[in-house]
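The sequence lines fix the lettering, A, B, ..., with proteins before strands; numbering per chain opens at 1.
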Protein chains: 2
Amino acid sequence: MNTDTRETIMAAAKPMVQAHGYSGLSFREIAKTVGVKSASIHYHFPAKGDLGAALARRYTDDAAAAFEAIAARTADPAKRLHAYTDGFRLALENGNRMCLCGILAAEHDDLPDAVKAEVVRFGDVNVAWVAKVLSEAGVKDAEARALAIFAAIGGAQLAARSRGDITVYDGIVESYRAAGLIPA
Amino acid sequence: MNTDTRETIMAAAKPMVQAHGYSGLSFREIAKTVGVKSASIHYHFPAKGDLGAALARRYTDDAAAAFEAIAARTADPAKRLHAYTDGFRLALENGNRMCLCGILAAEHDDLPDAVKAEVVRFGDVNVAWVAKVLSEAGVKDAEARALAIFAAIGGAQLAARSRGDITVYDGIVESYRAAGLIPA
DNA sequence: ACCTGAACACCGTTCAAGT
DNA sequence: ACCTGAACACCGTTCAAGT
């Protein structure tokens, strides 16, 4: 039951993208970790964009599954949103990394179209879920507010990462709640 | 009165970083634009980090000057903050680019220390100015709120850039005001 | 079916050499 | 003082060749 090489490649590449971005993702580095030659990666992912798109697609699917799990665990909107913001905290906990699609968003101009499309889909999935939570809580303009919360969380992650200090993330998110952006 | 080569290099490099980031900044591309060979860039900026730090330093200084100009133009906190969020809108207007220090923040792990330090200073200058505006407006926890606003604006820029749609930025910022994050 | 070595045009960097 | 050509080790990609 040896592990699928394709899976091993994706597992090695994911944290690399979260730390160094798409442009910083190196086939030769992945190859070293996986134990193959860099040319072999191209057998599983013809071009770098194919790997990037596969990573972003799975990241979004995993997020969607996590959202469902949160919704199943609690019906309280405030608690659901706490679990939501905690989810983005995880990346920072894991070696000051970023949300995979967050760092990809910054690299927009250098992304193949397939990767760009997955980044947009990640946003759509996030906004749709947050909007549902908000509207169930009776928040007006739930869709617009959800997009604002999604964007704000990405910004909090960016600010915390630039200082290499996860407490910066916590403080910013707390301010979002105190100011009324995120229902508390 | 021929233009200083060092200045020409910085002028060429700035929009490149705002579009492609630090890692996407190419000495050979700069050289083509400036009309010299890539090796010549190293005469003015020994390493890429020296150029990156110089760009971030000037970007911060320019921002500080712009903040002073805003404060001199109007005393109304809401108007000052409108001018502030408009400032970040400019980068998006200019070819869907990002705040130079915003895109650098995403690349934190691959930045030389001198560049990292300038990115942090940009944040400090922003937060200090916004905090002053907020405290004059009687907002409590002005420092924390200023950091939250700064982060949120960065996130709005990131979200808008990922969709290549400046109206996304406008909508998010409007939501920030509607929710009470930014005094309106 | 899966992997590799070698080549290609890119990259930042270095340095001896030019003017 | 300022610039350059050539070399170095990197990069993604391609492809003929292996098993």
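OP1 and OP2 of D:dC2 both lie 4.0 Å or more from every side-chain N or O belonging to B:T5. Within the structure, a side-chain polar atom (N or O) of B:Y43 is placed less than 4.0 Å from OP1 or OP2 of D:dC2. Phosphate contact (OP1/OP2 of D:dC3, side-chain N/O of B:H42, threshold under 4.0 Å): absent. Close to D:dC11, at under 4.0 Å from its OP1 or OP2, lies no side-chain N or O of A:S38. Listed pair B:S40 / D:dT4 meets the phosphate criterion, a side-chain N or O lying under 4.0 Å from OP1 or OP2.
A cation-pi arrangement is present between B:K48 and B:Y22, with the terminal nitrogen or guanidinium carbon under 6.0 Å from the aromatic centre and inside a 45° cone about the axis.
A:K37 places its NZ atom 16 Å from the P atom of C:dA7, with the value rounded to the nearest Å. Atoms CG (B:L51) and C1' (C:dT13) sit 14 Å apart, rounded to a whole Å. Look at CZ on B:F27: it is 19 Å from P on D:dC11, rounded to the nearest Å. Rounded to whole angstrom, the span from the CZ atom of A:R6 across to the P atom of C:dA1 amounts to 15 Å. Whole-Å rounding puts the A:I9 CD1 to C:dC3 P distance at 7 Å. As a whole-Å value, the separation of B:R28 CZ from C:dT14 P is 13 Å.
Contact check for B:F122 versus B:L104: no side-chain heavy atoms found under the 4.5 Å cut-off. Between A:F150 and A:V130, the closest side-chain pair of non-hydrogen atoms is not below 4.5 Å.
When every heavy atom of B:A106 is checked against every heavy atom of A:A106, the shortest pair comes out as CB-CB, 3.8 Å.
D:dA7 is paired with C:dT13 under the criterion used here, namely a Watson-Crick or G-U wobble arrangement in which both key atom distances are under 3.5 Å. Across the strands present, C:dC2 finds its partner in D:dG18; the criterion is a Watson-Crick or G-U wobble pair with both atom distances under 3.5 angstrom.
A salt bridge links A:D109 with B:R161: at least one charged nitrogen is closer than 4.0 Å to a carboxylate oxygen.
Closest approach to the A:A39 side chain among C:dT4, C:dG12, D:dC11 is made by C:dT4 (side chain taken as heavy atoms from C-beta onward).
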